[in-house]
There are 2 protein chains.
Amino acid sequence: MTHKAAFTAVKTVKAYERVVEQIEGAISTRELRPGDRLPSERELMLTFEVSRSTIREALRVLESTGLVRSRPGDPRGPEVLQASPAILTKTVNRLVRLETIALEELVEFRIMLEGAACTLAAQHRTEDQLQTMRAAVDAMRAEVKHGPIAFSRADVAFHVSVWEASHNQLIQICGEAARGALIDMVAEELDRAPNSQAKMELSLAHDREILGAISAGDGPTAGRLARSFVIEYYGDIMSLKNRAALGAADDVALS
Amino acid sequence: MTHKAAFTAVKTVKAYERVVEQIEGAISTRELRPGDRLPSERELMLTFEVSRSTIREALRVLESTGLVRSRPGDPRGPEVLQASPAILTKTVNRLVRLETIALEELVEFRIMLEGAACTLAAQHRTEDQLQTMRAAVDAMRAEVKHGPIAFSRADVAFHVSVWEASHNQLIQICGEAARGALIDMVAEELDRAPNSQAKMELSLAHDREILGAISAGDGPTAGRLARSFVIEYYGDIMSLKNRAALGAADDVALS
DNA sequence: CAGAGTGTACTGGTCTGACCATATATTTCA
DNA sequence: TGAAATATATGGTCAGACCAGTACACTCTG
């Protein structure tokens, strides 16, 4: 070797990727803001000096990441969108469903998220959100007489209001994904042993307890209650071994 | 109106979207598994009866979501990929950068995941995994003298081994995503105040403590230690207000 | 002058067909 | 048997074309 220049690995960068990078960069530096319009595809191919196919492929990946939206016929060009966690939801959902995940892992994940959400909700909830949660619990009580399906819908609404009150979108998104996947996995078990009157009353009482702790601003208690209730709820349909492990974890192990 | 047929909203579905749906569906039903090869673009245009541009646009969005990868010249066709947290990291990253998700949310998320991972690792670790973790800590000690970059690489390796020992893929994936996004966000702050010798020694001591608790099977302690160390680590670069809130949460609130 | 209807120019979606560099598989050769 | 040359199909890119639809300006009408 006659020189010591610091060579670096070379990777072929595809044309459409460089287009994506530039537009994505302009968006992340606020050069392009939500509501702004991109030039039309035919203009873009002139400024980037590539063919329209390349421009289109770039726009497709930008669109799939939720950064822009193209509508046919709109003379104003593709629109720059407001960033939204919706795309994250989709990704997390796919991940949860795609990965081969044991039921117990999913339950652990859910326990952890539910606990954290309740803890944070106790710390961060606003008065308005407290009202919403109270209303959700009242709705649950009203739905007890309308059967398990209506009741569990109201139950979900309560949990969603708690997640919102946690002011943590990541926990909210992952929590919803975990809940959805979990319900899919245990749907048959739930069908076989649907929520009885007694079970509904129990859930209601539990949620009331949680609400009390959140209302009092007692995060640790809210979290502990939430975890133990989730464990109790899914305990029936998990193997005895897992029941034991998670049960022991109830008050301390997952703290 | 002469009939009451239940009409439903009609949306034009673009051709490439239907291609995406079908391939995505095949992947999510395990009909296509990681490592499998898709037919070549020219074959796909025959089976879907669309043009190659349409196929390519579909492949671009599948590629941008991390489901497949196309390599030029490979006669075996596009490869179906294993789901990875990388895409999650990127998405979270962008959302934080665009201020759709607050940095403190990300830190809270990380705290929760790290704590849960350590707690579960203490319960579920095998002897082999314990060995791996011990080796990782030893490697950290050895890397102290090789500077911050080498050290933090070893630090990451230790955390990865803990995540693996938790036997929970969801926590592992989300943990990696959160860590990756967080590091990207605070990279500049870290550059400004790189890990000093003292800081490295401190991290090493912390990880040793955690390893001790995991080794002893003491989940609660492992979790509590992990949470407080993460808080300590990121406390400097967070606002005072958040520091206070999370600091108070240290031993109890996030439990 | 205001509002309803009409045109029209340009947009995005799709298609066809072509060229290139490259990764793999096959064949050839030593 | 092993290495080198070749063949082949692949993905990346390009050019040019057509169509259905939207937004906007322009009518025409009252």
Item checked: For B/R134, all residues meeting salt bridge (charged side-chain N to carboxylate O under 4.0 Å, His left out), sequence neighbours excluded -> none
Next item on the list: List in chain and number order the residues that pass ring-ring contact (aromatic ring centres under 6.0 Å, His included) with B/F229, two or more places apart in sequence or in another chain; answer none if no residue qualifies.
Entry: B/H206
Note to self: Between P on C/dC10 and CZ on A/R71, what's the gap in Å once rounded to a whole number?
What the structure shows: 19 Å
Can you tabulate the close N/O pairs, meaning under 3.5 Å, that link protein atoms to atoms of nucleotides 17-19 of chain C?
from   : atom 1 : to    : atom 2 : distance (Å)
C/dA18 : N6     : B/R52 : NH1    : 3.2

Item checked: Contact residues, residues 55-64 of chain A to DNA chain C [heavy atom, < 4.0 Å] -> A/R56, A/R60
Item checked: Rounded distance (Å) that lies between atom C1' of C/dC15 and atom NZ of B/K14 -> 18 Å
Checklist line | First encountered from the 5' end of DNA chain D, between B/G77 and A/G73 | finding: B/G77
Check: Is any side-chain heavy atom of A/M133 closer than 4.5 Å to a side-chain heavy atom of A/R125?
Finding: yes
Next item on the list: Determine which pairs satisfy side chain to side chain donor-acceptor pair (under 3.5 Å) with at least one residue from residues 22-31 of chain A, sequence neighbours left out, and list them in order.
Entry: A/E24-B/R94, A/R30-B/E99
Note to self: Tell me the interatomic distance from B/E17, atom CD, to C/dG12, atom P, rounded to whole angstroms.
What the structure shows: 16 Å
Notebook entry, point to check: Any salt bridge (Lys or Arg N to Asp or Glu O under 4.0 Å) pairs touching residues 153-178 of chain A, not counting sequence neighbours?
Noted result: none
Notebook entry, point to check: Who passes side chain to side chain contact (heavy atoms under 4.5 Å, CB included) against B/I27, sequence neighbours left out?
Noted result: A/L98, B/I23, B/L32, B/L67, B/V68, B/V80
Next item on the list: Could you state the atom-to-atom distance from CG of A/D74 to P of C/dG13 in whole Å?
Entry: 11 Å
Would you list the atom pairs, donor with acceptor, under 3.5 Å between side chains in residues 33-40 of chain B and any protein atom, with sequence neighbours excluded?
from  : atom 1 : to    : atom 2 : distance (Å)
B/D36 : OD2    : B/R33 : N      : 2.9
B/R37 : NH1    : B/D74 : OD2    : 3.1
B/R37 : NH1    : B/G77 : O      : 2.9
B/S40 : OG     : B/E43 : N      : 3.3

Check: By side chain to side chain contact (heavy atoms under 4.5 Å, CB included), which residues pair with A/A181, not counting sequence neighbours?
Finding: A/V96, A/L106
Next item on the list: List for me each residue that meets side chain to side chain contact (heavy atoms under 4.5 Å, CB included) alongside A/R52, sequence neighbours excluded, and say none if there are none.
Entry: A/E41, A/R42, A/M45, A/R56
Next item on the list: Would you grab the first and last nucleotide of DNA chain D (5' to 3') that comes under 4.0 Å of any non-hydrogen atom in chain A?
Entry: D/dG12 to D/dC24
Margin query: Strictly by side chain to side chain donor-acceptor pair (under 3.5 Å), give each pair with a member in residues 78-89 of chain B just once, sequence neighbours left out.
Written below: B/R69-B/E79
